[in-house]
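Read through the structure below, which is laid out as structure tokens, and then see the notes.
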2 protein chains.
Amino acid sequence: MSLRFALLAALLEGDASGYELSKVFDVSSAHFWSGTPQQLYRELDRLERDGLVDVEVVPQERRPTKKVLSLNEAGRAALRAYASAPARAQAIRSDLMVKVQAADVADIDDLLATVTQQADEFRAKLRLFERVRERMLDGRDEETYLRESDRVGPFLTLERGLAFERENLAWSERVIAVLTARRAR
Amino acid sequence: MSLRFALLAALLEGDASGYELSKVFDVSSAHFWSGTPQQLYRELDRLERDGLVDVEVVPQERRPTKKVLSLNEAGRAALRAYASAPARAQAIRSDLMVKVQAADVADIDDLLATVTQQADEFRAKLRLFERVRERMLDGRDEETYLRESDRVGPFLTLERGLAFERENLAWSERVIAVLTARRAR
DNA sequence: ATATTCATGTAACAAGTTACATGATTAG
DNA sequence: CTAATCATGTAACTTGTTACATGAATAT
């Protein structure tokens, strides 16, 4: 159910096509919710059907015609109601952690390769988020930004995303150190 | 697909009934994967059908009869293969973060109540994980434990769980501070 | 008395994934 | 010349959620 509101929340940042939204929600760049393009297109159809977004078909010169979505008053009201209602408990589901949980029966070299590769992804995501943060702050310091900006939501979630990737990276490096020491025994 | 291996990994810690596993995978106590009892029972049936676990029906005196599951050689081999294969990218999906992303259209008092309530849950989970950690270490320091224990997986994932809840809590408090300052304007 | 715990399950539904398709354009 | 990008979609499938049911035992 949250995908729908994640999409509406993304549209607060401005009108966007399904394709553009699919970039925002891509696993490799998402910082508060992710979904595949197929999931988005299905949900966007429903948002249109339910009258929560306005759709404008925009023909382009040397690109396929796109549908640009914008949040309308009904959508804004639905998002407001959702954001004001209690949150559900945070479900932890990490494929990498399941593998580490099973570290003691795994092939250590294979697992080390996996963790190393994931660490690279965490590093890339961290760098990406840091660049987005710089662009958001635009020279101002954090406190000035929070005082002056009319929107704090995207900044706050980005901070959480940054901390998450930093922890992922630090933990990966710890796992690598421990497994390497184990292998040596 | 990971639920299946999360269950097998949980069985590395010893035989367990579906009911006991449903406690381990409960959102409020899980630290690497979560699932509802209904999901587990369905998957446990499949694990049995696929011959990855042995099932012993244990009648009890003043309790309903239970099925105790144990990892067999086929299950151990399947888990080993899974743990040695590459991990899929970490998908971020947080209901709370979607709400904070939409903070600027939400009712601030309602959102503050939500974040405060979530902070309480993070605190409870943090305390729970800290107790589990103490029990695991059993007086030894971390390095001694990692050197002596025959299993490091559960300790490593617990460390990640602890860091995650610590970050959740710190971020919640930050969000509360920012939203409170906003409300005052 | 009432709620919670133990222990399992069925049924219906919603959400998420994977594979595939189209067809033009631009970057390496 | 091949791969990636733009832009959307269909179909089939797997996972995850919600609501409900059973029935005894114990805790408040």
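Lettering follows sequence order; numbering is per chain, from 1.
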Can you tell me if B/Ser22 touches the phosphate of C/dA7, counting only side-chain N or O atoms and a distance under 4.0 Å to OP1 or OP2?
no
message = Distance alone, cut at 3.5 Å: any donor-acceptor contact between the side chains of B/Thr144 and B/Asp141?
response = yes
Here the distance between atom P of C/dT17 and atom CG of B/Leu3, to the nearest Å, is 14 Å
Rounded to whole Å, the CG-P distance (B/Asp95 to C/dG16) equals 11 Å
Review point. How is A/Gln38 classified with respect to the nucleic acid when contacts are heavy atoms under 4.0 Å: base, sugar-phosphate, or nothing?
Key: base
Ranking D/dT8, C/dT17, D/dT17 by distance to the side chain of A/Tyr19, first place goes to D/dT8
Between CG of A/Leu40 and C1' of C/dT17 the distance, given in whole Å, is 13 Å
Checking C/dG9, C/dT17, D/dG16 against the side chain of B/Tyr41 (C-beta onward), the nearest is C/dG9
Checking D/dT15, C/dA15, C/dT17 against the side chain of A/Thr36 (C-beta onward), the nearest is C/dT17
From CG of B/Leu44 across to C1' of C/dT10 the rounded distance in Å is 16 Å
B/Asp26 CG to D/dT17 C1', in whole Å, measures 14 Å
Quiz item: Can you tell if the side chain of B/Arg76 reaches within under 4.5 Å of the side chain of B/Leu12, non-hydrogen atoms only?
Solution: yes
Side-chain donor-acceptor pair under 3.5 Å between A/Thr157 and B/Gln101, yes or no? yes
* OP1, OP2 of D/dG9 versus side-chain N and O of A/Lys67: anything below 4.0 Å? -> yes
In whole angstroms, the gap separating P of C/dG16 from CG of A/Leu7 amounts to 10 Å
The answer to which of B/Arg42 and B/Pro37 contacts DNA chain C further toward the 5' end, by nearest nucleotide, is B/Pro37
To the nearest angstrom, the CD-P distance between B/Glu20 and C/dT8 comes to 8 Å
- Using a cut-off of 4.0 Å on non-hydrogen atoms, how would the nucleic acid contact of B/Arg88 be classed: base, sugar-phosphate, or nothing? sugar-phosphate
With no angle test and no hydrogens, is the base of D/dG16 tied to the side chain of A/Arg93 by a donor-acceptor pair under 3.5 Å?
no
Is a salt bridge present between A/Glu142 and A/Arg133, judged by a nitrogen-to-oxygen distance below 4.0 Å? yes
**Asked** Side-chain donor-acceptor pair under 3.5 Å between A/Glu121 and A/Ser28, yes or no?
**Response** no
query: Does C/dC6 have OP1 or OP2 sitting under 4.0 Å from an N or O in the side chain of B/Ser17?
result: no
From CH2 of A/Trp33 across to P of C/dA15 the rounded distance in Å is 10 Å
Any B/Gln39 side-chain nitrogen or oxygen under 4.0 Å from OP1 or OP2 of D/dT17: yes
